Amino acid sequence: MARVLSLFRPQPFLVHVGRRKPILCKMSMDSRARKVFAAAVEAVQPDVVVRQSIERREDSVIISGQKFTLKHNVHLVGFGKAVLGMAAEAERIMGDHLVKGVISVPHGIQQTLQQHGKNHLLLKENSHIRVMEGAKHNLPDSDAHNAAEGIKQLASELTEKDLLLVLISGGGSALLPAPIPPISLQEKQDVTRKLAGAGATIQELNTVRRALSVLKGGGLAHCAHPAQVISLILSDVIGDPLDLIASGPTMWSEVWPEEVLSVLERYKLLNCLPASVKDVLGKPMPRWRENKGKSNTSGRVLNTVIGSNSVALKWAGRRARELGFRPLVLAPGVCGDVRSVSRLYGLLARFACSREEPPPEIASELLRLGPEVGVESWDLCRTMQVLGEGRTEGWGSTCLLAGGEPTVELTGNGRGGRNQELALRVGLELRDMKLPPNGPVFLSGGTDGQDGPTEAAGAITDGGLYEEAQAQGLDIHSFLTNNDSYTFFTRLSAGQRLLVPGLTCTNVMDVHMLLIPPIPINMR
Ligand SMILES: Nc1ncnc2c1ncn2[C@@H]1O[C@H](COP(=O)(O)OP(=O)(O)OP(=O)(O)O)[C@@H](O)[C@H]1O
Ligand SMILES: O=C(O)[C@H](O)CO
């Protein structure tokens, strides 16, 4: 392992990692973890990301370095869980240049925002934007279908003098259902529900959705041609792929029926496909390109990611530094089964807290685990190198940050979510490593504020979790077997370890945080 690490030494990327002396901070690790998480969420608030991405200059705007002239020609459409707040800010910036808009947002969101006092994320009373709520339980329904029709209609009426601002965030696919005829909404819903239920990834799911939709895979940009299209995208997919976030309605993508059929075959759905779906997939080209006589639209489309997990991690790191930690970002794309992911953090904690040089088996196991959890060897080696230097040079506390979206294989029928289950499992890993008291603290939280079907975003754990649970008569393993992490954390110490930020109005996947205290002298 020493040889592997030596390949990465010295590297310029280490310069930005502060080598400051430990700052004395009286606040508990738990409170600081919560503050760092709050900073991550704050950085990707819908109004904040829109404000940062549009620079208004008299009668023009600068977006992604390009200038667009405003002539009372701005139209706005949007779909996704964070879109209401994005639209409210976009309308404030565009002023009376914004003439018309339609957005498709989750059922009940306006009332929820009002109840939470988040009025700044609501449209003004005399807004030119029509808000359409739908997609109950994140499934495309007739309300979302009507909204998609309204959006399509608006886009189709535009001319080359118009500018269409498209606001996109996670959940956008379900909020923009426009099945290609003769596929019915019900048929499309069945296919996507079966795929999701069978464990298809978001990449697989959206590959299929794109092939069955008029507006996805670039269809919306095509409808809006020849207008100038500008898409502002809040990413909830690992790697920020423009063609997959909300199924890429303004990102032209080729549909390969073979690819779509192979996804359907993988999940054993080929034999139960409705005739309409087979019919559509039997045609060689994307349907929205046929019979329209429209030329290539790509020159008139600007797609720009304005918020992502990386942005959230960056700002979390800044806050961590203010709170006395040395921030260190592992990666923004951690995925895979929560068991493997919990092992990852357990090993990293052990590596960081080992006496003297950590045993080489830890590094080897970490490198073996990398591909399973979506972390490159390069990122693991860099992280181990920095953690190693922290140990030998006595840098004080470290805040290791990562993001992504692990998965849970559901075997029980309890209440929980992937963040709470991950935190629980990491708590067990930390215990097994027999780390010193006041050792590492782990936090996992969904940036949308809701972890699975629960009121919590996640939880905070440490190596003392097991004893704490035992003392209160709670058997961690049976809660885990039943995927009942929320019930566990609710009962444990009156819910003190739960992370409950409430509705955050944004979503850039999850944030993971391992707070590593300075290693006591007697351990070295
Ligand atoms: N009891 C449970 N224990 C652990 N995980 C669960 C449980 N119930 C559901 N989940 C997991 O929660 C996930 C769905 O939760 P959530 O609604 O937070 O999803 P999401 O991916 O964040 O949605 P989106 O990003 O579209 O808002 C699924 O991955 C599912 O496996
Ligand atoms: O809407 C969707 O397709 C998912 O949230 C991924 O962006």
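Just so you know, ligand 1 is whichever comes first in the structure, and atom 1 is the first atom listed for that ligand. Model, not experiment: these values are computed from the prediction. Note that the numbering runs from 1 along the sequence shown for the chain.
Atom 6 (C) of ligand 1 has its nearest heavy-atom neighbour, among G412, A174, G416, G170, in G416. Scanning R418, E409, E405 for the heavy atom closest to atom 29 (O) of ligand 1 points to R418. Between the choices G458, G446, G452, the shortest heavy-atom distance to atom 16 (P) of ligand 1 belongs to G452. Between the choices G80, A135, S173, the shortest heavy-atom distance to atom 2 (C) of ligand 2 belongs to S173.
Nearest non-hydrogen protein atom to atom 23 (O) of ligand 1 is K81 NZ, 4.0 Å. The protein non-hydrogen atom at the shortest distance from atom 1 (N) of ligand 1 is N483 O, 2.9 Å. Scanning the protein for heavy atoms near atom 31 (O) of ligand 1, the closest one is V408 O, 3.9 Å. What sits closest to atom 4 (C) of ligand 2 on the protein, heavy atoms only, is D236 OD2, 3.6 Å. For atom 25 (O) of ligand 1, the nearest non-hydrogen atom of the protein is N507 ND2, 2.9 Å.
Here D47 pairs with R51 in a salt bridge; the nearest charged N to carboxylate O distance falls below 4.0 Å. Salt bridge D243/R210: present, at least one basic N to carboxylate O contact under 4.0 Å. For the pair R425 and E421, the salt-bridge criterion is met [side-chain N within less than 4.0 Å of a carboxylate O]. For E455 and R415, the salt-bridge test passes: some basic side-chain N is under 4.0 Å from an acidic carboxylate O. At a threshold of 4.0 Å, the pair R497-E468 counts as salt-bridged, since one of the basic side-chain nitrogens sits closer than that to a carboxylate oxygen.
Heavy atoms of R415 found under 4.0 angstrom from ligand 1 belong exclusively to the backbone. Under 4.0 Å from ligand 1, the heavy atoms of N138 that appear belong solely to its side chain. Heavy atoms of L205 found under 4.0 angstrom from ligand 2: none, in either backbone or side chain.
Close contacts between ligand 2 and V237 involve ligand atoms 6 (C), 7 (O) [criterion: under 4.0 Å to a heavy atom]. If you number the atoms of ligand 2 from 1 as listed, the ones under 4.0 Å from a heavy atom of R209 come out as 3 (O). Less than 4.0 angstrom separates some heavy atom of G172 from each of these atoms of ligand 2: 1 (O).
In this structure, R431 forms a cation-pi arrangement with Y466, its terminal cationic atom sitting closer than 6.0 Å to the ring centre and no more than 45° off the ring axis.
R209 CZ to L195 CG: the interatomic distance, rounded to the nearest 0.5 Å, is 9.0 Å. Atom CG of residue L443 and atom NE2 of residue H512 lie 9.0 Å apart, to the nearest 0.5 angstrom.
When all heavy atoms of L424 and S485 are compared, the pair lying nearest together is CD1-CB, 3.9 Å. In terms of heavy atoms, K216 sits closest to P177 at NZ-CA, 4.1 Å.
D451 and T454 share no side-chain donor-acceptor pair at under 3.5 Å. Side-chain atoms of T250 and S231 include a donor-acceptor pair closer than 3.5 Å.
At least one heavy atom of P453 sits less than 4.0 Å from an atom of ligand 1. Residue contact check for ligand 1: L410 places a non-hydrogen atom closer than 4.0 Å to it. Contact analysis puts G417 in contact with ligand 1, with a non-hydrogen atom separation below 4.0 angstrom. Ligand 1 is approached by G414 to a heavy-atom distance shorter than 4.0 Å.
For ligand 1, the polar-atom distance check finds an N/O of Q450 within less than 3.5 Å of one of the ligand's N/O atoms.
Atom 9 (C) of ligand 1 is approached by the protein to below 4.0 angstrom, counting heavy atoms only.
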